[in-house]
Amino acid sequence: MEDPTGAYPGRRGLISYVKLVIPFHFLPHARVDTYSKVLGYYNMDFSQIIANSLVRGAELSLLAIGLTMVFDILKFANFAHADYAVLGAFLVYSLNQVLGLSLFLAVILAAPATALIGICIDTAIFKPLRRKEAKVVTAMVCSLGIGIALRNILRLIWTSRTKTYAIPIQKPIEILGARLTFTQIGIVLTGFISMVIFHLLLHRTKFGKALRAISDNRVLASACAIDSEKVIKWMWFIACCYGVMGGTMIAMEHLLYPRLGFDILIPVFCAAILGGIGNPYGAMLGALTLALAENIVLALDFSYLISLGGLFEVGPIQISTGYKPAISFVILVAVLLFRPTGILGRK
Amino acid sequence: MRRLVDVVVTSILLGLLINVGAVGGAEEPVRIGLLCPITGTQAVMSEDMLTGAKMAVEETNAAGGVLGRPLELIVEDTETRPAPGMDAARKLIGVDRVEILTGGFSSGVSLPIAEYAQEQGVLYVLAVPTSPLFRDVGPCCMSITVVDSFKGKAVADFAVEDSGKKKFALIHMNNAFGQAIKQVTINRLKELGAEIVTEVDYELNKVDYKAELLRLFAKDPEAIVGTWYAKEGLVTAKQAYEMGLLNVDKVPWYVSEITSSYAEALDKIPEVLEGIKGLDPLEPGRLFSEKFKERMGREPITAFAAHYYDAVRMIAMAINFANSTDPAAVRDTLFEIDDWYRGMSYGGDKRFDEDGMQDHAQFRKVIIQNGKKVDY
C-alpha cells in the first residue's frame with residue numbers, strides 16, 4: 001500500500017487505507033501530509049493496532065464485566081476477582097494437560113467449578129459481612145486477603161513455573177492488513193458472543209430483571225419477593241464463569257502463572273472504572289478504550305505538534321514504552337475529570 | 001496420682017534440660033545467606049542455582065567444613081522483585097544475623113540489597129547480577145560474574161560483525177540491568193558506525209508486549225539487539241512470531257544473553273526461536289556438569305548453577321583462610337585466593353579487579369538451531 005504523499009512508502013493495511021487515504025484522497029497534498037504527520041503516520045500500523053486492541057479488549061472485558069457486576073450488586077470492589085479467573089485458568093490447564101480434554105470442554109467444566117468455589121467463598125466470608133452490615137471497606141480488605149491466599153494456594157498446587165496450554169504455535173494470517181492467529185480470532189469472537197449472551201441474560205431473562213432490580217434498590221426488590229441471596233449466588237456464578245473465560249483467554253494468548261491475577265488486576269480495574277463501574281456495557285467499552293489508547297498513544301509521533309506544525313526541525317518524539325503502564329492511568333484520570341462516573345456511568 | 005503427675009512433670013523437665021544441653025553442645029554451623037529468585041519471572045532457573053549452591057556446601061562440609069564447623073545456607077526468595085528481595089535481605093541480616101550474603105539474580109533486585117548490605121557492613125558476593133553500578137556500591141560488594149560493560153560491548157560487536165547491518169532497533173527491560181546494558185550497547189554500536197533507529201524499554205511482569213513490538217519494528221530496522229528475562233522472553237518471542245515480525249532471515253535478532261532470555265521459550269516454543277543468535281556465559285566446567293547430572297539426572301539449563309557453586313566455594317575457602325567470618329577479613333582473603341581458585345563458571349578465571357568485580361570477559365556465541373543452543 002503506497003503512502004498518498006509518496007513520501008513514506010510501504011505502509012500496510014486496508015484500515016490504514018480507509019482511515020488515512022480515502023477521506024483525504026481529494027484534498028491537497030499538504031493537507032494529507034499534515035494529517036499523516038499529526039497522527040504519527042510514519043510509525044502507525046493502524047490495522048495491527050486495531051486488531052491487537054480488539055484481542056486485548058475482548059480479554060479484559062470478560063474480566064471487567066464480573067468485577068463491575070459484583071460492584072453493582074454488592075457495592076464493593078472485589079480485588080480477588082482476577083485471582084478467581086486465574087484459578088479457573090489453572091483448572092482448565094489441569095483438565096487440558098493432565099486429563100487430555102479439549103480446551104473447550106476444559107473451560108465448560110472449569111468455569112462452573114470455579115463458580116462453585118466463588119459461591120462458597122461468598123457464603124463463608126462475604127455473606128456474614130453482609131448480614132452484619134459491615135462497611136464496604138471491610139469487604140474490600142477481605143477480598144484483598146482472599147486474592148493473596150488464592151495466589152499462594154495456586155503456587156502451592158501448581159508451583160511458580162509458567163504454564164502454557166497444549167496449543168501449537170500458530171503462524172498468523174492476514175485480515176484487512178492485520179496479522180492474527182486463529183486463537184486470537186477465536187478470542188475476539190468468543191468475547192463478542194459472550195457479550196451478546198450477557199446482554200440477552202440481562203434483558204431477556206427473569207434473572208436479569210431481578211439483578212437489575214437489586215442493583216437499583218435491594219430493599220425494594222426484596223419487598224417484591226425477589227430472593228436477593230439467590231440472585232447474588234447466580235451473580236457470582238456468572239461473574240466467575242466470565243472470569244474463567246477471560247483468564248483462560250489471557251493464558252492462551254500469553255502465559256499462565258500464579259501471579260497472573262495480580263498482574264492483570266490493574267488493567268481490569270481501569271477498564272471497569274473507565275467505562276463506569278457498575279455498568280457492564282461500560283466495562284466492555286472501557287476495556288476496548290483502554291486497549292486502543294495504550295496501543296495508539298505508544299505509536300504516536302508528537303514531533304509535528306512539538307515543532308508547532310513543522311516550524312523547526314525536531315527528531316521523532318514518542319512516549320517511551322517504559323511509560324506504558326502510566327498511560328492507562330493518565331487516560332483514566334483524564335476521562336474521570338470530565339465524567340467522574342466513567343464513560344457510561346450513572347450520575 | 002499426685003506422685004504420678006510429679007514423675008511425669010519431672011521427666012519432661014529433665015528431658016528438656018537434656019535437649020537444651022545437647023543443642024548447646026552441638027557444633028554451631030557457620031551460616032551464610034543465599035538470595036535466590038525461587039519464584040517470579042526467573043523462577044525457572046532457581047532449581048539449578050540452588051542445586052549449584054547446595055553442591056558447594058556439601059563438598060565444603062565433606063572436606064571438613066569451615067572453621068571446623070559445618071557450613072549452612074539460609075535460603076531466602078527474592079521473587080525476582082525489589083521489595084520482596086529487600087525483605088529477604090533484611091530478614092537474613094537482621095534476624096538471622098548473617099555476615100555474608102551471596103546469590104542474587106536481577107541487578108534491579110540486587111542493587112538495593114547491595115546498598116543495604118553495605119550500610120550494615122555485610123559482605124555481598126554477587127553470583128549472577130551484572131550491572132556496572134555495583135562498582136559504586138562500596139567495599140562490601142563483590143562479584144564473581146562478568147559486568148555488563150563487557151556484555152553490552154560484546155553483543156554490539158557480534159551483531160555488527162555478523163549481520164553487516166547498519167540500522168539497529170534495541171529492546172531492553174526497564175530496570176537497572178536492562179538500562180545499563182542498553183547504554184553500553186548503544187555507545188558501542190555508535191562507535192562502530194551503526195544507527196539506532198528505535199530504543200524500546202519494556203516493563204517486567206506484563207502479559208502483553210504487542211505495542212512494544214510494533215514500536216520496535218516501526219522504523220524498519222535491519223537488525224534487533226535485546227535482552228529479556230525468561231517469562232518476558234517467552235511472551236515476546238511468541239507474540240513477535242504471531243504478528244509476523246520474527247523473521248531472522250530478513251531482520252536478524254541478537255540477544256545479550258540467550259539462556260536467561262529464552263530459558264522458558266526454549267522449553268515451550270523452540271521452533272519460534274530458530275536462527276536467533278546471541279551470547280551466553282561459557283558452559284560450566286566439565287567436572288561440575290557431570291556432578292550436576294549425576295545428582296539431578298539432567299544437564300543444568302543455565303550456566304548460573306556453576307556461578308552459585310563458585311560463589312559459595314570461594315566464600316567458604318576465604319572464611320577458612322581468613323580464619324574468621326568477619327566481612328572485611330573475608331573480602332581481603334577473596335582478593336588473595338582469586339589467583340589460584342579455579343572456578344567452574346566463565347572458564348574458571350575468577351580474578352577480581354580493584355573494585356571487587358571480575359576483570360575479564362569471556363562469552364560464547366550461540367545460535368538456536370533445531371530447538372537447541374549450539375556454538376556459532
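Source: prediction; values computed, not measured. By convention in this document, chain letters (A, B, ...) are assigned in the order of the sequence lines, proteins followed by strands, and residues within each chain are numbered from 1.
- Among all heavy-atom pairs drawn from A:P172 and B:G244, the shortest one is CG-N, 3.7 Å.
- In this structure, A:F262 places its CZ atom where only 12 or fewer heavy-atom neighbours from other residues, nucleotides or ligands lie under 6.0 Å away.
- Note: A:H254 NE2 to B:K206 NZ = 12.0 Å, rounded to the nearest 0.5 Å.
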Original post:
B:E242 and A:E253: side chain to side chain contact (heavy atoms under 4.5 Å, CB included), yes or no, with the steps?
Top reply: CA-CA 10 Å; B:E242 289 174 347; A:E253 245 286 83; 3.6 Å; yes
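- In this view, B:Q179 and B:K182, B:D201 satisfy the side chain to side chain donor-acceptor pair (under 3.5 Å) rule, not counting sequence neighbours.
- Rounding to the nearest 0.5 Å places CD1 of A:I264 at 13.0 Å from CG of B:N205.
- At distances below 3.5 Å, not a single donor-acceptor pair connects side-chain atoms of B:K231 with backbone N or O atoms of A:Y257.
- Of the listed residues (A:I169, A:I250, A:T181), the greatest number of heavy-atom pairs within a distance under 4.5 Å of chain B belongs to A:I169.
- Only the side chain of B:L234 comes within contact range of chain A, judged by heavy atoms closer than 4.5 Å.
- For B:K372, the NZ atom is loosely surrounded, since the number of other residues' heavy atoms within 6.0 Å does not exceed 12.
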Subject >> Working for side chain to side chain contact (heavy atoms under 4.5 Å, CB included), residues A:L255 and B:V207 >> reply: CA-CA 7 Å; A:L255 284 175; B:V207 292; over 6 Å; no
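- A donor-acceptor pair shorter than 3.5 Å cannot be found between the side chains of A:T164 and B:K238.
- Annotation: maximal heavy-atom pairing with chain A below 4.5 Å, among B:N174, B:I269, B:D208, B:V200, occurs at B:D208.
- Summarising the geometry, atom CG belonging to A:N52 is positioned 9.0 Å from atom CG belonging to B:L213; distances are rounded to the nearest 0.5 Å.
- When heavy atoms are compared at a cutoff of 4.5 Å, A:I173 does not approach chain B at all.
- Heavy-atom neighbours of A:I266 CD1 from other residues, nucleotides or ligands within 6.0 Å: at or below the threshold of 12.
- When the candidates B:K210, B:R215, B:M243 are compared by the number of heavy-atom contacts under 4.5 Å with chain A, B:R215 comes out ahead.
- In this structure, A:N295 CG and B:E212 CD are separated by 9.0 Å, a value rounded to the nearest 0.5 Å.
- Atom CD in A:Q170 sits 9.5 Å away from atom OH in B:Y241 (nearest 0.5 Å).
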